[in-house]
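Both backbone and side-chain heavy atoms feed into the values below; hydrogens, waters and symmetry mates do not. Proteins come first, then strands; the chains are lettered A, B, ... in the order of their sequence lines, and each starts at number 1.
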Amino acid sequence: MQPVQKYDPLQQEPVVQQFWESNQTFKFTPVAGRPFYSIDVPPPTVSGDMHIGHAFSYAQMDFVARYKRMRGFNVLYPFGTDNNGIPTERLVEKIKKVKARDMPRQDFIDLCQQTLDRELIPTYIQDWKRIGVSCDFNLLYSTIDERSRRISQSAIIDLHRKGRLFRSEAPSMWCPECQTGISQVECEDKELQSTFNHLVFKTPEGQPLEIATTRPELLPACVAMFYHPSDSRYRHLNGRKAVVPIFGHEVPILPDERASPDKGTGLVMCCTFGDQTDMEWQKAHNLPIREAITPDGRMTELARKYKGMKIHEAREAIIADLKSQHLLTKQEPLTHFVNVHERCGTEIEFIKSKQWFIRMLDLKEDMFKWGEQLHWYPDFMKHRYDNWVNGLQWDWLISRQRYFGVPFPIWYCEKCSEPVFADEKDLPVDPLKDKPPMDKCPKCGHDKFTPESDVLDTWATSSLTPRLVLSLVDSSLHDQVFPLSLRPQAHDIITFWLFKTVLRSQLHHGVNPFRDIMISGFVTLKGQKMSKSKGNVVRPQDVTTKYGADALRYWASTSKLGKDLDYQEKDVVTARKFITKLFNAANFVFMNLDKAGVSGVPSPPADGIHPTDALFLSRLNSVITEATQAFDSYEYSQAKSVVENFFWKEFCDNYLEIVKTRVYSGGESEQKSALFGLYTILKYMSQMMAPFTPHITEYLWQIHFRKFEKTESIHLSEWPTVRELPADDRAPTKLETLMGITARVRQAKTQNQKSLKEPIILTLPADQADLLGPDVLEDLKAVTAAREVKNGEFSVVFAE
RNA sequence: GGGGCCGUGGUCUAGCUGGUCAUGACGCUGCCCUUACAAGGCAGAGGCCGGGAGUUCGAACCUCCCCGGCCCCACCA
């Protein structure tokens, strides 16, 4: 690294990163005797670009990683990418302009893997390196690599052994677009335009019965009609039948609490399956199941002339026919919220299919306990976990009728359908290519098997990240790094990733996978959540190419943990100013050390530290204490603001100015003490800022500090600890007084339009002068350019 | 409907285990080319801390109610 006249982050940051890369600064090299600190880094989904929310939250976890490293922990901080399942498939389909369904399965899988390896992952990781995350990129995993497939499949077999895995044919949430079953957590609300259609059923005697529905295409699947038991309009119909319009089949009319009198006409049709209530009714009243919709979102034979139509086509056609038969009495437009698949926005259907599930609903009570045992930062985030557990209604559907994912390690006997699981030693397997571990079905002795073609839900693998992390280090270390120390993540995936990781670890190992949870907030723009569809995204790449990574990180450190932060470019500009300021302050300090010919680590003079320097060093001590405490509870923003305030207001505005005279022309001891103070404070401050702005601080370390310090990188140096000073209870008061007087003198000069160098005659109350003492008073005289200090009421008189 | 977070000068924010003049930044005004720094320095103006009630000697900070914004979950015939 070469010294530069002006520090340009855009030029220097790549140099610093190159330095880290070639020195393997962040390589995981456990030192015996040191405690471990392991981090369950979120593997970002490979989906195009990093976005600023990523940068925000990865920067925050990196502050902690760097801090812990400096505190002497063996920090295990690997990097992973999550890259299988529907998001990856959709991305590959988009950039390669293919359709998974239109090509041979294996070709598509190969294409996905190649695209990831050759294009996506390498460029994707660059974004993370560019913001300066200090992961050990040698410890790299992908959720689809061989190791992950083996671990994931092995875990499935483990669940099977523990009786937690089951296969069942039942109605479950289904995405007709992606043509796969999905889990509760993959749904989201979307407000859609729809129409409330009032249509007419009839009793066998011809008496009209009006209902209102948004989904007339489900008429062929209608199995009953309900009214509320207290609804006197319909009570007389109990036990009677109704004839479904167009389709003509008869269904019972029944009372049920779940029908609300004030919705629509108070009479509702139940179709298998329009929504969750329909499923409850079907079960409760033991109704038949009529399937009207196919897995690809078309009408079945039940729909007769509408067979083969897509859902919305059938809806239109049926409405038209109802109209022509005068069975449609009213249409009201309405906007309502419907459940859609978060990956593609398609409305969810409930479709009967054979799926694998992880049984977990029986564990709700335990889930609350698990959440209780974790340390939540900030603590209120735990409510979200509890709230989610409370609302759980489904076991976890983990099979996906997709292609690019971890295969189920299962075959079925062709004769008796008995599932046969792979042998642990053969993992990972692909049942479509590999043979089952036995020749004959253990149940019926048949010798032919059908491979399972479903793949695992991508969360089924990413919920195993603690194990993936473990697999990257020597097994002799496992006991020391597991449970992991920290799970950092954003609050949007508490219900996905956090919940599922805890569940899996408890199911497999009976313990929580990590101890601390650090939840970061979102980045908003003018109070709005950023999203591509709104078009209000800020690209972190644009920020780093304009202001650099340190500025971006510094900005990310200004909001407190868990809080959303509104992005404003001016805040990044502020960050850059800090970097420049630090650079210049360091120049000043080292220029003077140079001039004075200091060669070894600056040390206090033999006759003791000058009282003024002691005041600032004592203040430094409390800054160290505060910053350390803040960091220990993951309050990085507080740590940063304490250090930064000290740097700007006290070190630069006051200390540098106060000691200048002693540095330039003081006696030997006076100068030595000042140089010692300057060096010590600058060093400790740089170290405490290093987690936030790692590039500029590393630059300073290499260019300046390295002449005196042995440690090869500031990020491997030891976090500052409090220095012993002569006890002085009044140090804070003295410091306040000193800086207060300085400020008042500056004010007087400014108000009188004088230069700050303007000589004055300063008058001070005797108690203040006494408090400060003669040595500090000398410094005060120097910094205020006072020719003389008199006793009396405070005043500033200009000499000329 | 359930849960949670937030509401502080024009803007973004700190403080919220109650007690000196309520942080800091940007913006605004004025002064200063002071041997670290003019993409700077120094200083200044600007706030009934969303509204109301209560607890207290004392509340931005605790309690209750209301208003507003956001997020998660549920419901959605």
If [N] has a Watson-Crick or G-U wobble mate with both distances under 3.5 Å, name it; if not, just say none.
N     : answer
B/G68 : B/C6
B/A60 : none
B/G46 : none

Say we look at [N] and [M]: how far apart would their [atom1] atoms be, to the nearest angstrom?
N     : M     : atom1 : result
B/C32 : B/G69 : P     : 49 Å
B/G50 : B/C16 : C1'   : 16 Å
B/C26 : B/C71 : C1'   : 28 Å
B/U13 : B/C73 : P     : 24 Å
B/C64 : B/A45 : C1'   : 38 Å
B/C31 : B/C49 : C1'   : 32 Å
B/C28 : B/U11 : C1'   : 12 Å
B/G68 : B/G30 : C1'   : 39 Å

Return the value, rounded to whole Å, for the distance between atom [atom1] of [X] and atom [atom2] of [N].
X        : N     : atom1 : atom2 : answer
A/Trp388 : B/C71 : CH2   : P     : 18 Å
A/Lys577 : B/C42 : NZ    : C1'   : 13 Å
A/Ile211 : B/A77 : CD1   : C1'   : 7 Å
A/Leu756 : B/C31 : CG    : P     : 14 Å
A/Glu758 : B/C32 : CD    : C1'   : 11 Å
A/Asp564 : B/C71 : CG    : P     : 9 Å
A/Arg576 : B/A25 : CZ    : C1'   : 15 Å
A/Phe337 : B/C72 : CZ    : P     : 11 Å

Donor/acceptor link under 3.5 angstrom from A/Asn387 side chain onto base of B/G2: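 Result: at least one qualifying N/O pair found.
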Base B/A77 to side chain A/Thr265, donor-acceptor N/O within 3.5 Å cut-off: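 Answer is no: no donor-acceptor pair is held.
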Stepwise salt bridge (Lys or Arg N to Asp or Glu O under 4.0 Å) test for A/Glu280 and A/Arg258: CA-CA 10 Å; A/Glu280 291 171 20; A/Arg258 282 163 279 205; 3.0 Å; yes
Residue mapping more 5' on RNA chain B - nearest nucleotide basis, A/Thr558 or A/Lys749: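 Residue closer to the 5' terminus by nearest nucleotide: A/Thr558.
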Position toward the 5' end of RNA chain B (nearest nucleotide), A/Asp571 or A/Ala743: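 Result of the comparison: A/Asp571.
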Examine [N]: is either OP1 or OP2 under 4.0 Å from a nitrogen or oxygen in the side chain of [X]? Give yes or no.
X        : N     : value
A/Thr277 : B/C75 : no
A/Lys581 : B/G41 : yes
A/Gln747 : B/A45 : no

Centroid separation under 6.0 Å, is that true for the rings of [Y] and [X]?
X        : Y        : answer
A/Phe196 : A/His336 : no
A/Phe63  : A/Phe692 : yes
A/Tyr554 : A/Phe578 : yes

Short side-chain donor-acceptor distance under 3.5 Å, A/Glu332 and A/His198: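 Yes, side-chain donor-acceptor contact under 3.5 Å.
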Any donor-acceptor N or O pair under 3.5 Å, side chains A/Tyr377, A/Glu635: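 A/Tyr377 vs A/Glu635: no donor-acceptor pair found between side chains.
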Per-pair stack call A/Phe522 and B/C71, 5.5 Å, 30°: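 Stacking between A/Phe522 and B/C71: absent.
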Sub-4.5 Å side-chain heavy-atom contact between A/His285 and A/Leu254: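 Heavy-atom side-chain distance check passes, below 4.5 Å.
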Flag side-chain contact, heavy atom, 4.5 Å: A/Glu657 against A/Arg746: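 Yes. Closest side-chain heavy atoms under 4.5 Å.
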Touch class at under 4.0 angstrom, heavy-atom based, for A/Leu656 against every strand present: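 Base, at least one base atom sits under 4.0 Å.
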Touch class at under 4.0 angstrom, heavy-atom based, for A/Thr213 against every strand present: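 Touches sugar-phosphate only.
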RNA chain B-proximal residues of residues 589-598 of chain A, any heavy atom under 4.0 Å: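 Of all residues in residues 589-598 of chain A, the ones placing a heavy atom under 4.0 Å from RNA chain B are A/Met591.
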Geometric class of the A/Trp555/A/Phe56 ring pair [parallel <30°, tilted 30-60°, perpendicular >60°]: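 The arrangement is tilted - the two ring planes meet at 30° to 60°.
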